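To start, the structure itself, in structure tokens.
Owing to the predicted nature of the structure, the values given are computational and were not obtained by experimental measurement.
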Amino acid sequence: MKKTKNMKRILSVVLAFALVMGSFCLPSGVVVANAKTSVDGDYDYSVLDDGTVEIKGYNGTDTELVIPSEIDGKQVTSIGWQ
């Protein structure tokens with residue numbers, strides 16, 4: 001009985017750790033190590049190492065948006081968070 005209780009505790013800790021660490025993972029292929037953040041109009045964005053753009057935020061007042069395919073001549077490939 002005691003062994004089962006300890007195994008459940010260990011399993012709970014391992015699963016909790018896995019969930020927390022999993023929430024910090026980036027999608028495959030996204031490299032942001034040297035990304036620089038800029039503002040273009042109402043969009044905050046970062047230029048990724050591969051030369052594409054990740055939109056980080058919107059500062060405008062429009063309630064309906066169309067995500068641009070390019071910003072500053074670079075292809076928009078993802079939407080992230082600040």
Side-chain angles (χ1 to χ4, degrees):
M1 179 85 158
K2 189 172 185 172
K3 186 175 180 180
T4 303
K5 204 174 207 182
N6 285 338
M7 289 301 288
K8 285 182 180 180
R9 284 185 184 167
I10 291 171
L11 182 59
S12 295
V13 169
V14 169
L15 288 175
F17 180 76
L19 286 172
V20 169
M21 294 309 294
S23 67
F24 291 109
C25 293
L26 292 173
S28 176
V30 174
V31 180
V32 294
N34 296 318
K36 63 180 186 179
T37 301
S38 302
V39 176
D40 178 53
D42 292 327
Y43 292 98
D44 295 332
Y45 67 94
S46 292
V47 178
L48 305 177
D49 285 345
D50 64 359
T52 63
V53 168
E54 178 177 80
I55 295 175
K56 299 286 192 173
Y58 177 72
N59 302 311
T61 58
D62 293 340
T63 56
E64 293 184 25
L65 297 177
V66 175
I67 304 300
S69 60
E70 287 187 353
I71 292 180
D72 198 24
K74 296 171 179 57
Q75 182 181 6
V76 175
T77 57
S78 60
I79 300 173
W81 62 86
Q82 293 180 322

### Message
Taking K74's backbone N and O only, do any of them form a donor-acceptor pair with D72's side chain (distance below 3.5 Å, no angle check)?
### Response
no

### Closest contact, heavy atoms only, Y43 versus L65
OH-CD2, 4.3 Å

### Task
Quick one: closest heavy-atom pair of G80 and E54, and the distance?
N-CG, 3.6 Å

### Message
If I take atom CG from residue L48 and atom CD from residue Q75, how far apart are they, to the nearest 0.5 angstrom?
### Response
11.0 Å

### Task
Test I55 against I67 for side-chain contact (heavy atoms from CB on, under 4.5 Å), laying out the working first.
CA-CA 9 Å; I55 295 175; I67 304 300; 3.8 Å; yes

